[in-house]
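The next block holds one structure in the form of structure tokens; read it before the comments.
Each chain gets a letter, A, B and so on, in the order the sequences are listed, and its residues count up from 1. Because only heavy atoms are used, hydrogens play no part in the values below, and waters and symmetry mates are left out as well, while side chains stay in.
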2 protein chains.
Amino acid sequence: MRRSDRLFQIVNYLQGRRIAVTASDIAQEFDVSVRTVYRDIQDLILTGVPISGEAGVGYLMARNHCLPPMTLEVGELETLMLGAAMVNSWTDATMAKSARSLVSKLKSVLSDKDREIFAGTALFAPYSTMQIPWTVDFSAMRAAIRDKRKVKLNYADEKGDLTKRIIRPLSLSFFGPTWLLHGWCELRKDHRNFRLDRIQDAEILEDVFIDTPETSLRHYLQRHGYKDGLHD
Amino acid sequence: MRRSDRLFQIVNYLQGRRIAVTASDIAQEFDVSVRTVYRDIQDLILTGVPISGEAGVGYLMARNHCLPPMTLEVGELETLMLGAAMVNSWTDATMAKSARSLVSKLKSVLSDKDREIFAGTALFAPYSTMQIPWTVDFSAMRAAIRDKRKVKLNYADEKGDLTKRIIRPLSLSFFGPTWLLHGWCELRKDHRNFRLDRIQDAEILEDVFIDTPETSLRHYLQRHGYKDGLHD
DNA sequence: ACACTCCTGACAATAAATGTCAGTAGCAAT
DNA sequence: ATTGCTACTGACATTTATTGTCAGGAGTGT
């Protein structure tokens, strides 16, 4: 095994671990000496990989994703940049921040010639006056989806009629100029979509839900033949 | 210089060249022997870099972009995937294809654990019934922008009134649920934006334009304090 | 045929990486 | 304070990988 391959695999190994890993563990895993592990870790840190090590504890690494060298075509890179611009303009402050740091990282690894090409691509996704504003906390809602927390909504339908309901939030979908929150509605006992701009109020509850086949996102997507061309 | 660094730099060197480059050129550029160059090229090809070599000619490489190993946070990778989904759903078939191949490449380098995390992110950008359809050839328009070709438009404004005008196309901007073509309008002698869905007809002309300070995109962006947070 | 290139194997020389050993330091528990 | 458990570093002999030289083969165009 080439050293550069081993370095890459050490990073993946550390990321797959939730608790600290000692140099001795790594040495055994990769069949090298502890001294070599110390050298490898030092080189990884020098190239910017965020590994922290504590005497008596071991090594820890934040949950990042290391991508190996990749070759992208012009169109793919344009997709990446335009996509980031769209996320920056059409999601919330948290995701916008991620989009900006992603672009910043890309720019730092692209050559000057590559950067010139982008200046000439002329594809933008600016902040848009056509956006319909929403007051829901996007990140909090995402956390509720992830942690399977029920949410109490005050929702105004297209006629302006208000309803209160408890839902199991399952996903968020971009329907420019707005977003839809998809969930299982306990009031209607069925799947429903809610436009973020029509949610008057959303309270994340302590109640946690467990997916059943009927109430799950997977079930809904399969039943409706979900189509964005990217997900399986 | 480490060998892995040199390999990466050889790729960048080849991409910066429009005509074939001999092993001898590369050897001089990097101060190594020709035999070493042959070995390096072979290793690059083995790892998937698309280099073609012809006896008597030299080496050629398609205009791709090689990214070195990168470390992305979860949010950045989510941005990337959601962005690709947005581009897939809200641009044209050409860019959608690039988006799909980008996602495919990413999936092929992500670990199984990483892929699980994405299954749980629950952020989508499906094909949307709210999209306002357009008949303009998006890719042809992008080519006109790139090649600085004037375009003859039949345009219907919001009242439905038709005008014919010749413009210098400068950029495309996403204003979900539609796109705007920005250009210098020769009829109005000023910058104008045109919704793609209101363009009845667009004919790319053979006439080529040269930017002047007044008519350029740069000028317009500076004058209007363009804001998307990603471009300088 | 000649010129110009890519390509490969073999091997001595050079460079880089590795493992062993010794020593230093930090943190927590006893 | 001592012990146990770890991270850390330098030195040096040994091992491994890489490099350059040399020789030979092949393809394309003039």
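Applying the salt bridge (Lys or Arg N to Asp or Glu O under 4.0 Å) test to pairs two or more places apart or on separate chains, none has a residue in residues 11-28 of chain A. Listed by first and then second residue, the salt bridge (Lys or Arg N to Asp or Glu O under 4.0 Å) pairs that reach into residues 27-37 of chain B come to none, sequence neighbours excluded. Every pair passing ring-ring contact (aromatic ring centres under 6.0 Å, His included) that includes a residue from residues 10-29 of chain B is listed here, sequence neighbours excluded: B:Tyr13-B:Phe30.
Taking five base pairs at each end of the helix from C:dA1-D:dT30 to C:dT30-D:dA1 and finding the rotation axis that steps the C1' atoms of four pairs onto the next four gives two axes whose angle is 40°, to the nearest 10°.
In the 5' to 3' direction, nucleotides of DNA chain C lying under 4.0 Å from heavy atoms of chain B begin and end at C:dC4 to C:dA10.
To the nearest angstrom, P of D:dA7 lies 16 Å from CE of A:Met61.
By the side-chain hydrogen bond (donor to acceptor under 3.5 Å, both in side chains) test, A:Glu186 is found to be paired with A:Lys150, A:Arg168, residues two or more places apart in sequence or in another chain being considered. With sequence neighbours left out, A:Lys97 forms a side-chain hydrogen bond (donor to acceptor under 3.5 Å, both in side chains) with no residue at all. Checked against side-chain hydrogen bond (donor to acceptor under 3.5 Å, both in side chains), B:Ser216 has no partners two or more places apart in sequence or in another chain. By the side-chain hydrogen bond (donor to acceptor under 3.5 Å, both in side chains) test, A:Glu73 pairs with no residue at all, sequence neighbours left out.
Between the side chains of A:Thr215 and A:Thr212, at least one donor N or O sits under 3.5 Å from an acceptor N or O.
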Under 3.5 Å, which donor-acceptor pairs link side chains of residues 41-61 of chain B to any protein atom two or more places apart or in another chain?
unit_1: B:Asp43; atom_1: OD2; unit_2: B:Arg3; atom_2: NH1; d: 2.9
unit_1: B:Asp43; atom_1: OD2; unit_2: B:Arg3; atom_2: NH2; d: 2.7
unit_1: B:Thr47; atom_1: OG1; unit_2: B:Asp43; atom_2: O; d: 3.4
unit_1: B:Thr47; atom_1: OG1; unit_2: B:Leu44; atom_2: O; d: 2.9
unit_1: B:Ser52; atom_1: OG; unit_2: B:Leu60; atom_2: O; d: 3.4

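Between B:Ser89 and B:Ala125, the shortest heavy-atom distance links the atoms OG-O, 2.5 Å.
Near DNA chain D, meaning a heavy atom under 4.0 Å from it, residues 51-60 of chain B has B:Ala55, B:Gly56 in order of number. Near-neighbour residues of DNA chain D inside residues 30-43 of chain A, defined by a heavy atom below 4.0 Å, number-ordered: A:Arg35, A:Tyr38, A:Arg39, A:Gln42.
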Evaluate the ring-ring contact (aromatic ring centres under 6.0 Å, His included) criterion for residues B:Trp184 and B:Tyr220: first the C-alpha distance (whole Å), next the side-chain angles of each, then the deciding distance (0.1 Å), finally the verdict.
CA-CA 10 Å; B:Trp184 172 263; B:Tyr220 179 78; 9.9 Å; no

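By the 4.5 Å heavy-atom criterion applied to side chains, B:Leu82 and A:Thr91 are counted as neighbours.
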